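Reading through the structure tokens given below for one structure.
Quick caveat: nothing in here was measured; it's all calculated off a predicted structure.
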Amino acid sequence: MQLYNKLSAKERAALIDEAGTDRLTLSFYAYANIGNPEIFRNHLFIHWNELDVLGRIYVAKEGINGQLSVPAPNFLAFKKHLDSITFLENVRLNIAREQDAKSFLKLKVKVRNKIVADGLNDDTFDVTNKGVHVDASAFNQLIEDPDTVLVDMRNHYESEIGHFKGAVTPDVDTFRDSLDIIEEDLKEHKEDKKLVMYCTGGIRCEKASAYYKHKGFKNVFQLEGGIIEYARQVEAQGLENKFLGKNFVFDHRRAERISEDVIANCHQCGEPCDTHVNCDNEACHLLFIQCSTCAETFENCCSTECMEINRLPFEEQKALRKGKANSNKIFKKGRSEVLKYKQ
């Protein structure tokens with residue numbers, strides 16, 4: 001029985017074009033006690049592969065975290081299957097604001113140690129003892145309170161293109177880095193301040209809120225459903241939108257626009273721009289912000305060096321990469337020394 005993806009991204013893209021069917025991009029997560037993640041992983045793959053579900057799903061003993069693309073005609077069948085799983089019944093599904101049939105091109109269901117990499121090894125930390133969830137309306141009121149500290153729990157390259165007004169945006173590369181920094185910065189206010197957090201869809205705040213309660217913070221809140229759900233509620237209820245710019249997303253779209261504000265700059269020339277791209281040089285593939293002018297000047301590359309390599313015949317490029325890990329700056333998103341504006 002097939003328990004893994006057999007098609008390449010190119011083959012899958014061709015099939016999507018041929019089908020001509022609308023697809024829905026969505027995400028969800030749930031913390032739960034999963035006894036055998038491997039068996040659960042196989043169960044999901046078998047059922048979702050039959051429904052032509054694509055995406056990236058992580059399963060661990062602590063729960064599930066998924067970003068998916070589902071054919072619109074199969075959505076109800078997909079939802080029915082979710083509801084058949086006790087801890088996923090009526091789980092909140094964050095539907096993307098901007099749909100793209102090719103947001104995901106493969107179905108990857110992977111077993112991980114944790115559904116969010118946090119680097120924590122504290123057996124006394126209870127992830128289910130979470131903070132207070134608030135909707136968009138309550139969130140807007142909370143962040144106007146002078147006794148509130150609003151914290152963005154995402155990484156620097158995410159908050160760079162979009163964040164809430166007045167938010168603390170830690171200059172970090174990983175979620176784990178932000179946990180200690182925020183605790184240290186706010187250690188004098190564990191009892192007198194309201195700690196309000198937000199992230200993309202809520203999963204990082206779910207863990208962070210429990211962590212900070214564990215560390216002694218008395219008034220901990222998190223934005224229910226993250227930026228994705230906030231944007232939906234703002235639009236549906238006619239609320240004031242306090243988010244500036246784009247919401248970074250982890251699929252081929254890279255971002256959804258929440259407001260017309262452009263708060264970032266091209267990493268090569270410094271002009272206002274909030275479009276993330278990957279360097280065309282496959283040996284680099286750096287994620288950075290590039291305007292259309294620089295894209296033309298640098299031929300969709302991050303530097304003249306990468307541009308020159310990218311001009312070489314494919315076989316020569318392949319030979320240059322042989323035996324070398326694509327170190328690429330996995331944690332240098334927007335920080336590489338070749339990006340002159342960022343120096």
Side-chain angles (χ1 to χ4, degrees), residues 1-19 21 23-32 34 36-72 74-75 77-79 81-82 84-85 87-88 91 93-96 98-118 154-155 157-158 174-175 199-204 207 226 228 248-256 276 278 282 285 287 325-326 328 330-331 333:
M1 182 176 293
Q2 178 182 338
L3 293 174
Y4 58 92
N5 180 78
K6 290 185 176 179
L7 298 178
S8 68
K10 185 176 181 180
E11 289 171 327
R12 178 65 70 179
L15 286 177
I16 291 174
D17 287 337
E18 183 180 333
T21 302
R23 300 182 68 93
L24 296 174
T25 299
L26 58 92
S27 61
F28 72 92
Y29 70 89
Y31 284 97
I34 299 177
N36 192 319
E38 187 68 38
I39 291 177
F40 184 57
R41 177 264 172 206
N42 293 344
H43 170 79
L44 295 180
F45 190 96
I46 291 168
H47 283 80
W48 292 355
N49 191 48
E50 291 178 353
L51 294 174
D52 196 22
V53 172
L54 305 174
R56 185 188 307 112
I57 302 93
Y58 297 143
V59 175
K61 288 187 175 181
E62 67 175 8
I64 182 172
N65 176 20
Q67 294 90 42
L68 315 165
S69 170
V70 183
N74 294 348
F75 176 76
F78 171 74
K79 180 66 168 63
H81 180 252
L82 279 184
S84 72
I85 301 168
F87 72 91
L88 292 179
V91 67
L93 301 177
N94 285 327
I95 308 296
E98 300 173 0
Q99 294 297 334
D100 183 337
K102 298 177 183 175
S103 56
F104 292 100
L105 295 175
K106 293 184 178 183
L107 175 58
K108 297 180 180 179
V109 188
K110 298 184 177 182
V111 174
R112 293 287 174 89
N113 290 329
K114 296 186 178 182
I115 57 175
V116 175
D118 55 27
R154 302 172 302 154
N155 302 326
Y157 58 91
E158 299 173 77
T174 68
F175 173 61
C199 57
T200 308
I203 188 170
R204 282 175 279 188
K207 180 164 283 188
I228 296 173
F248 188 96
V249 294
F250 294 89
D251 59 54
H252 290 291
R253 297 171 300 146
R254 297 194 182 95
E256 293 182 326
H276 272 110
N278 287 107
E282 286 298 321
H285 210 57
L287 180 74
N326 189 353
N328 168 12
I330 292 173
F331 293 122
K333 299 178 178 73

Discussion item. One pair to check against side-chain contact (heavy atoms from CB on, under 4.5 Å): Lys102 and Leu54. What are the steps and the verdict?
Written reply: CA-CA 9 Å; Lys102 298 177 183 175; Leu54 305 174; over 6 Å; no
At their closest point, which heavy atom of [X] faces which heavy atom of [Y], and how far apart are they?
X: Val116; Y: Arg204; answer: CG1-CG, 4.1 Å
X: Val111; Y: Glu38; answer: CG2-OE1, 3.6 Å
X: Ser84; Y: His81; answer: OG-O, 2.5 Å
X: Arg154; Y: Phe248; answer: NH1-N, 4.1 Å
X: Cys199; Y: Ile203; answer: SG-N, 3.8 Å
X: His47; Y: His43; answer: ND1-O, 3.0 Å

Working to the nearest 0.5 Å, report the span between [atom1] of [X] and [atom2] of [Y].
X: His276; Y: Tyr157; atom1: NE2; atom2: OH; value: 8.5 Å
X: Tyr31; Y: Lys207; atom1: OH; atom2: NZ; value: 4.0 Å
X: Asn74; Y: Trp48; atom1: CG; atom2: CH2; value: 13.5 Å
X: Ile46; Y: Glu50; atom1: CD1; atom2: CD; value: 8.0 Å
X: Ser103; Y: Leu26; atom1: OG; atom2: CG; value: 8.5 Å
X: Ile64; Y: Arg41; atom1: CD1; atom2: CZ; value: 11.5 Å

Worksheet item: Is it the case that more than 12 heavy atoms not belonging to Lys114 sit under 6.0 Å from its NZ atom?
Response: yes
Worksheet entry | CG/Asp17: more than 12 non-hydrogen atoms of other groups inside 6.0 Å | yes
Fill in: Residue among Tyr58, Phe87, Phe45 satisfying ring-ring contact (aromatic ring centres under 6.0 Å, His included) with Phe40
Phe87
Does any non-hydrogen side-chain atom of [Y] lie less than 4.5 Å from one of [X]?
X: Val109; Y: Val59; value: yes
X: Asn278; Y: Arg254; value: yes
X: Phe250; Y: Glu158; value: yes
X: Leu68; Y: Phe28; value: yes

Item to complete: Measure from the side-chain N and O atoms of Gln99 to the backbone N and O of Thr25, and report whether any donor-acceptor pair falls under 3.5 Å.
Response: yes
Discussion item. Regarding Asp251 and Arg56, does a basic nitrogen lie under 4.0 Å from an acidic carboxylate oxygen?
Written reply: no
Discussion item. side-chain contact (heavy atoms from CB on, under 4.5 Å), that's the test. Do Val91 and Ile85 meet it? Break it down for me.
Written reply: CA-CA 10 Å; Val91 67; Ile85 301 168; over 6 Å; no
Fill in: Working for side-chain contact (heavy atoms from CB on, under 4.5 Å), residues Glu98 and Glu256
CA-CA 6 Å; Glu98 300 173 0; Glu256 293 182 326; 4.2 Å; yes
Worksheet entry | side chain to side chain donor-acceptor pair (under 3.5 Å) partners for Arg23, two or more places apart | Asp52, Ser69
Worksheet item: Where do Arg112 and Asn65 land on the side-chain contact (heavy atoms from CB on, under 4.5 Å) test, with the steps shown first?
Response: CA-CA 10 Å; Arg112 293 287 174 89; Asn65 176 20; over 6 Å; no
